[in-house]
S.K.: 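Here it is: the structure, laid out below.
Note on naming: letters A, B, ... go to the chains in the order of the sequence lines (proteins, then strands), and numbering restarts at 1 for each one.
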There are 2 protein chains.
Amino acid sequence: MTVATKSLLSNCADCPIRHRAVCARCEADELAQLEEIKYYRSFEAGQTIVWSNDRMDFVASVVSGVATLTQTMEDGRTQMVGLLLPSDFVGRPGRKGAAYDIVATTDLIMCCFRKKPFEKMMIDTPHISHRLLEMTLDELDAAREWMLVLGRKTAREKIASLLNIVARRQPTFSPHGAVVFDLPLTREAMADYLGLTLETVSRQMSALRKAGVISLQGNRHVTVPDMARLMEAAGDDSDGGHLI
Amino acid sequence: MTVATKSLLSNCADCPIRHRAVCARCEADELAQLEEIKYYRSFEAGQTIVWSNDRMDFVASVVSGVATLTQTMEDGRTQMVGLLLPSDFVGRPGRKGAAYDIVATTDLIMCCFRKKPFEKMMIDTPHISHRLLEMTLDELDAAREWMLVLGRKTAREKIASLLNIVARRQPTFSPHGAVVFDLPLTREAMADYLGLTLETVSRQMSALRKAGVISLQGNRHVTVPDMARLMEAAGDDSDGGHLI
DNA sequence: TCGTCTCATTGATCCAGATCAATCGGCTCG
DNA sequence: CGAGCCGATTGATCTGGATCAATGAGACGA
């Protein structure tokens, strides 16, 4: 399995992405260590980065683009179990292999760290390891919230829940309080995340559009005039706040 | 959210349960620390131990009995997101509140540790914190595996998957290679775990019985004459092995 | 011994979403 | 410009599981 969550690493000037800070105490020498073991990789849309059960000798942070974690049964049924957006972390410190397929759904740049030295650094600097626990707990929260979506929500609610999550991760507010964002997934990928068929996803998107809850510019750009209505459609009882 | 996974703590002689060892290096003084902050609590079947969003000032290990973690929507739809069997750990170090309802489904004894001192100990003894990360990663694996079950498996496969999991946790082999075990859940609780209704659970259990895949003694005792057939019914492609 | 309570089973019917199938629209490439 | 392709939409039909409803089977206390 792969941890994928809010950023792990400190801001580093030459890194094209703003890694959120590990914690206030981050020291220069830690960063220096990180610099030494760091490298970048880029992938094309559709490319599989790691196959399930393959050896995986790095951990990484998404710089730009979108990747997914998916599980596939022998008969081809697939379920997406994680969505990796910029600043998300991916990797299983302490594990040799990947538990899921990792696939780039758009062109993708990742900032990778060789696993062995990264693990060594974890041991040397406890608060990185502590931060990693925090992140993994967040991931577990997200996975369990998704279990409710998969197990108990209707198709309409599932779609709305997904739009909510994506919107919250890349908010671009248009003039009048509407929310505009990119939907970086095909209908099929959405279906795989939601445990639906792509036809049902398409129908429900159309239904939300006809109901005026969302409007679409092309297939990938979404405008939500009133977030509250979308969250209502999602059956969402979360206040958006976080228990800490 | 609550971490719930394979045991955290070392074997301690006066503890009725064999906590699996944190690691070989466990020291006497750590155990002494643990002893100081440890206490037991017992609950009756049906009792709610913690309500979602409540303050939760302890972490704990299940000694005997079964508890569940569940999420509930305003309209009453509920989804179980975790099943706590003996030796499982529950609690969110570093978080103030509980993210889910924790309910005892049988009479239950838990071995609790006050959270503040436990967290302090985590900081002082890095390998406990390390072990906790391991456990959380296991939980995340389990949650994601369950996402596949919820999103893509049929009712029949869901039932078989659940029986598989429960059977693996408390294996009692009867004379001829059959597996006999206790099913510590009502049909309703099974339904909540599987994203089904209790009627569907009951029908599928009957179907598996009529197909000879399982046999039932009373409502709670299950015999599986041939595990391979059950795993086939579960659509399970796992080899039972663990990537480490 | 008999109510009663809880949990489980079984039947009849319904419907949300799957499946099968046709069409559309934008894009790239010759 | 047209052919081919890929993803999205929309329609028609089917079906697995939900829903509504009745019955059964232990367990327990009066």
S.K.: Measure distances between side-chain N and O atoms of B:Arg209 and base N and O atoms of C:dT10, and say whether any donor-acceptor pair falls under 3.5 Å.
M.R.: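 Answer no: no donor N or O sits under 3.5 Å from an acceptor.
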S.K.: For the helix from C:dT1-D:dA30 to C:dG30-D:dC1, how many degrees between its two end axes (five pairs per end), to the nearest 10°?
M.R.: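 If I round to tens, the end axes sit 30° apart.
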S.K.: Take the protein atom CD1 of A:Ile159 and the nucleotide atom C1' of D:dA8, then report the distance between them rounded to whole Å.
M.R.: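 Atom CD1 in A:Ile159 sits about 13 Å away from atom C1' in D:dA8.
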S.K.: Please work out if B:Gly46 contacts a base, only the sugar-phosphate, or nothing of the nucleic acid, heavy-atom cut-off 4.0 Å.
M.R.: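 Counting heavy atoms under 4.0 Å across all strands, no contact is made by B:Gly46.
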S.K.: Go nucleotide by nucleotide along DNA chain D from the 5' end; which of A:Ser202 and A:Arg152 gets its closest nucleotide reached first?
M.R.: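 This one resolves to A:Ser202.
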S.K.: Rounded to whole Å, please give me the gap between CD in A:Glu199 and P in C:dA22.
M.R.: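 It is 14 Å, rounded to the nearest whole Å.
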S.K.: Assess the side chains of B:Thr223 and B:Gln217: does a donor N or O sit below 3.5 Å from an acceptor N or O?
M.R.: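 There is such a pair between these side chains.
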S.K.: Could you tell me the separation between the CZ atom of B:Arg220 and the C1' atom of C:dA8, rounded to a whole number of Å?
M.R.: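 Computing the B:Arg220:CZ to C:dA8:C1' distance gives 11 Å.
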S.K.: Give one of base, sugar-phosphate or nothing for B:Thr186, where a contact means two heavy atoms less than 4.0 Å apart.
M.R.: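 The residue B:Thr186 makes sugar-phosphate contact but no base contact.
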S.K.: Any side-chain to backbone donor/acceptor pair from B:Lys153 onto B:Lys158? Under 3.5 Å, distance only.
M.R.: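 Judged by distance alone, no pair lies under 3.5 Å.
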S.K.: Could you state the atom-to-atom distance from CG of B:Leu194 to C1' of D:dA18 in whole Å?
M.R.: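 Computing the B:Leu194:CG to D:dA18:C1' distance gives 15 Å.
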S.K.: Starting from C1' on C:dA18, measure out to CG on A:Leu196 and report it in whole angstrom.
M.R.: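 That distance rounds to 10 Å.
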S.K.: D:dT10 base to A:Arg187 side chain: any donor-acceptor pair below 3.5 Å?
M.R.: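 Such a pair does not exist between side chain and base.
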S.K.: Roughly, in whole Å, what's the span from CG in A:Leu183 to P in D:dG7?
M.R.: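 Nearest whole value for this atom pair: 15 Å.
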S.K.: Give one of base, sugar-phosphate or nothing for A:Leu198, where a contact means two heavy atoms less than 4.0 Å apart.
M.R.: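 Contact class for A:Leu198: base.
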S.K.: Could you tell me whether B:Arg169 and B:Asp182 have a side-chain N and a carboxylate O separated by less than 4.0 Å?
M.R.: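 No.
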S.K.: Has the side chain of A:Lys115 got a donor or acceptor atom that lies under 3.5 Å from a matching backbone atom of A:Met56?
M.R.: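 Yes.
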S.K.: So, B:Trp146 side chain and B:Tyr193 main chain: donor-acceptor pair closer than 3.5 Å or not?
M.R.: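 At least one qualifying donor-acceptor pair exists.
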S.K.: Does D:dG17 have OP1 or OP2 under 4.0 Å away from a side-chain N or O of B:Thr197?
M.R.: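 Checking B:Thr197 against D:dG17: no side-chain N or O falls below 4.0 Å of OP1 or OP2.
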S.K.: May I ask you to check whether B:Asp101 and B:Ser52 show a side-chain donor-acceptor distance below 3.5 Å?
M.R.: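 No, B:Ser52 and B:Asp101 have no side-chain donor paired with an acceptor closer than 3.5 Å.
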S.K.: Between the base of C:dG17 and the side chain of A:Arg156, is one N or O donor paired with an acceptor at under 3.5 angstrom?
M.R.: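 Side chain to base: no pair present.
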S.K.: Side chain of A:Thr154 only, heavy atoms from C-beta on: which candidate in D:dT10, C:dG17, D:dT9 is closest?
M.R.: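 My answer, after comparing the listed nucleotides, is C:dG17.
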S.K.: Is there a donor N/O on one and an acceptor N/O on the other, under 3.5 Å, for the side chain of B:Glu188 and the base of C:dC7?
M.R.: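 Answer no: no donor N or O sits under 3.5 Å from an acceptor.
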S.K.: Whole angstrom is fine here: how far is it from CZ in B:Arg203 over to C1' in D:dA22?
M.R.: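 Checked: the CZ to C1' distance equals 12 Å.
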S.K.: Please check this pair: side chain of A:Thr106 against backbone of A:Val66, looking for a donor-acceptor N/O pair closer than 3.5 Å.
M.R.: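 Present.
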S.K.: Please test B:Arg95 against A:Asp138 for salt bridge (charged side-chain N to carboxylate O under 4.0 Å, His left out), starting from the C-alpha separation and ending with a verdict.
M.R.: CA-CA 11 Å; B:Arg95 316 289 178 103; A:Asp138 283 344; 3.1 Å; yes
S.K.: Would you mind classifying the nucleic acid contact of A:Ser206 as base, sugar-phosphate or nothing, using non-hydrogen atoms under 4.0 angstrom?
M.R.: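 Sugar-phosphate, backbone atoms only, no base.
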S.K.: Whole angstrom is fine here: how far is it from CG in A:Asn219 over to P in D:dT10?
M.R.: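 Going from CG in A:Asn219 over to P in D:dT10 covers 11 Å.
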